[in-house]
Amino acid sequence: MPELPEVECIRRALEGLLVGRTLSLDHIARQDIVGSLSNPRGQRRGPVKPIADEQLLHRSVVDRVLRKGKQLAIGSLCDRWLIVRLGMSGQLLTGSAASERCDHVHARWTIGGGASLAFRDARRFGSLIPCPSRSELEAHWQRLGPDALSIDPMDLLDRLRSRKLAVKAGLLNQQIVAGVGNIYADESLFRARIHPRTVCTSFRHEHAVRLAESLREVLASAIEHGGSTLRDYCSPSGITGSFRLVHQVYGREGQCCLICGAKLSGARVGGRATVWCPTCQGRRIK
């Protein structure tokens with residue numbers, strides 16, 4: 001968390017606030033949250049190499065705000081980019097939200113016109129990654145699988161059925177498909193009526209079509225609801241997402257299925273807590 005819908009909501013909000021305006025770096029409180037293309041998480045141990053303000057878009061005019069999977073990238077007119085990895089608890093806050101939440105703010109900018117932009121991350125799993133050009137950004141993002149919001153069924157099928165692992169674990173692998181985390185993997189598999197322990201090598205075209213469609217529908221609906229706020233996530237203005245109110249399986253182990261009324265099952269799949277309906281999702285595909 002945040003996953004694709006939450007990051008897309010942040011991207012849309014920032015696009016309206018930042019494009020065409022100049023960013024000025026006010027301060028960087030922790031140099032160790034600044035990563036690199038070769039070390040995305042940053043230098044968390046040992047001496048930290050100071051970073052030039054220009055690499056963090058100081059005095060840069062924002063040209064566009066892009067996203068792939070769970071990663072965000074703010075680009076400037078001079079083709080300098082800043083990738084933002086939000087990790088578990090990262091937030092990008094603006095306006096009153098940026099000034100009210102002063103704890104755990106690791107970097108702060110002034111937006112042309114006087115507003116603030118703050119990068120806040122209580123658990124410090126996120127990072128800021130300077131990137132010198134759009135071409136290097138694209139090369140970096142090539143390491144990720146196709147974006148889940150526009151995944152093609154045949155592409156999904158090719159990427160899944162070569163892996164001998166549970167489909168739930170496959171969806172969480174960002175090199176297979178980018179943007180899906182625990183929430184939307186459970187919700188998409190439920191909508192597609194596919195058991196989370198189904199081994200990827202048993203996938204057929206019909207299953208990939210159902211799953212790709214379910215991924216697109218679930219993610220689009222979550223974006224419309226402003227994302228899922230469970231703990232830390234909020235929009236740049238501080239507004240929480242409401243998609244959690246319509247989760248059909250995630251976090252509902254032991255409760256009744258909203259479709260058939262059966263008791264929802266739960267277990268760890270691929271190392272992550274997983275919930276499914278034993279009736280609607282049936283047995284593993286064989």
Extract all donor-acceptor atom pairs below 3.5 Å that involve side chains of residues 64-73 and protein atoms in other chains or at least two apart in sequence.
| unit_1 | atom_1 | unit_2 | atom_2 | d |
| --- | --- | --- | --- | --- |
| R67 | NE | E8 | OE1 | 2.8 |
| R67 | NH1 | G69 | O | 3.1 |
| R67 | NH1 | D147 | OD1 | 2.6 |
| R67 | NH2 | D147 | OD2 | 3.2 |
| K68 | NZ | W141 | O | 3.2 |
| Q71 | OE1 | W141 | NE1 | 2.9 |

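Atom-to-atom distance recorded for R143:CZ and Q174:CD is 14.5 Å, nearest 0.5 angstrom. Taking CG of L165 as the start and CD1 of I176 as the end, the distance is 5.5 Å to the nearest 0.5 Å. Put simply, CZ on R161 and NE2 on H205 are 9.5 Å apart, with the number rounded to the nearest 0.5 Å. Summarising the geometry, atom SG belonging to C280 is positioned 6.0 Å from atom CD1 belonging to I259; distances are rounded to the nearest 0.5 Å. The distance from atom CD of E253 to atom NZ of K263, rounded to the nearest 0.5 Å, is 8.5 Å. Note that CD of E3 is 7.0 Å distant from CG of N182, once rounded to the nearest 0.5 Å.
S265 places a side-chain heavy atom less than 4.5 Å from the side chain of P278. Taking the side chain as every heavy atom from C-beta outward, S76 and D63 never approach each other to under 4.5 Å. In this structure, the side chains of I33 and D121 stay at 4.5 Å or more apart for every pair of heavy atoms. With a 4.5 Å cut-off on side-chain heavy atoms, S214 and L189 do not count as touching. Here the side chains of L160 and L211 are in contact, with some heavy-atom distance below 4.5 Å. When side chains are defined from C-beta on, F125 counts as touching R41, because their heavy atoms get closer than 4.5 Å. The shortest distance between side-chain heavy atoms of I183 and L230 falls below 4.5 Å. In this structure the side chain of C200 never reaches within 4.5 angstrom of the side chain of K164, judged on heavy atoms.
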- request: Test side chain to side chain contact (heavy atoms under 4.5 Å, CB included) on F203 and I194 and set out the steps.
  value: CA-CA 10 Å; F203 252 54; I194 295 174; 3.9 Å; yes

- request: Give the C-alpha distance, both sets of side-chain angles, the deciding distance and a yes or no for side chain to side chain contact (heavy atoms under 4.5 Å, CB included) between L258 and F190.
  value: CA-CA 11 Å; L258 299 176; F190 174 75; over 6 Å; no

- prompt: Should I83 and L37 be marked as a side chain to side chain contact (heavy atoms under 4.5 Å, CB included) after you check the CA-CA gap, both sets of side-chain angles, and the distance that decides it?
  reply: CA-CA 9 Å; I83 301 170; L37 295 177; 4.0 Å; yes

- request: Would you check, one step at a time, whether the test side chain to side chain contact (heavy atoms under 4.5 Å, CB included) holds for R120 with D103?
  value: CA-CA 8 Å; R120 181 177 183 267; D103 58 327; 3.1 Å; yes

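Judged purely by atom type and a 3.5 angstrom limit, H207 uses its side chain to pair as donor or acceptor with the backbone of R204. The backbone N or O of G87 lies less than 3.5 Å from no partner atom in the side chain of S89, so there is not a single donor-acceptor pair. At least one donor-acceptor pair closer than 3.5 Å links the side chain of R210 to the backbone N or O of A192. For the pair H106 (side chain) and R30 (backbone), a donor-acceptor distance under 3.5 Å is absent. In terms of modelled atom types and a separation under 3.5 Å, the side chain of W81 and the main chain of E136 share no donor-acceptor contact. The backbone N or O of R252 lies less than 3.5 Å from no partner atom in the side chain of H247, so there is not a single donor-acceptor pair. When atom types are taken as modelled, the side chain of R268 and the backbone of G271 share a donor-acceptor pair closer than 3.5 angstrom. Between the side chain of R134 and the main chain of D79, no donor-acceptor pair closer than 3.5 Å is present. Using a distance-only test at 3.5 Å, with no hydrogens or angles considered, a donor-acceptor pair links the side chain of Q31 to the main chain of I51. Using modelled atom types, one side-chain atom of Q91 and one backbone atom of D232 make a donor-acceptor pair closer than 3.5 Å.
The hydrophobic cluster containing L86 does not contain I239, counting ILVMFWY residues as joined when their side-chain heavy atoms lie under 4.5 angstrom apart, directly or transitively. Under the 4.5 Å side-chain contact rule for hydrophobic residues, L18 and L56 share a cluster. Linking ILVMFWY residues whenever their side-chain heavy atoms come closer than 4.5 Å, directly or via other members, places L57 and V19 in the same cluster. Hydrophobic clustering (side-chain heavy atoms under 4.5 Å, transitive across Ile, Leu, Val, Met, Phe, Trp, Tyr) keeps I129 apart from L92. Using a 4.5 Å cut-off between side-chain heavy atoms of Ile, Leu, Val, Met, Phe, Trp and Tyr, with links allowed through other members, L128 and L14 fall into the same hydrophobic cluster.
When all heavy atoms of V275 and G251 are compared, the closest pair comes out as CG2-N, 4.2 Å. Minimum heavy-atom separation, Y184 to E6: OH-OE2, 2.6 Å. Of all heavy-atom pairs between I223 and P5, the closest is CG1-CA, 3.7 Å. When all heavy atoms are compared, the tightest approach of A178 to L144 is CB-CB, 4.0 Å. G126 approaches F119 most closely through the heavy-atom pair C-CZ, 4.3 Å. Residues G90 and P2 come closest through the heavy atom pair O-CG, 4.2 Å.
There is a side-chain donor-acceptor pair under 3.5 Å between T110 and D26. There is a side-chain donor-acceptor pair under 3.5 Å between R85 and S127.
Figure legend: R231 and Y233 shown without cation-pi pairing, the cationic atom not lying both under 6.0 angstrom from the six-membered ring centre and within 45 degrees of its axis.
No more than 12 heavy atoms of other residues, nucleotides or ligands sit less than 6.0 Å from atom CZ of R21.
We find that D53 and R59 are not joined by a salt bridge, their nearest charged nitrogen and carboxylate oxygen being 4.0 Å or further apart. A salt bridge links R191 with E217: the closest approach of a Lys/Arg side-chain nitrogen to an acidic carboxylate oxygen falls below 4.0 angstrom.
Through ILVMFWY side-chain contacts below 4.5 Å, W276 is grouped with nothing and stands alone.
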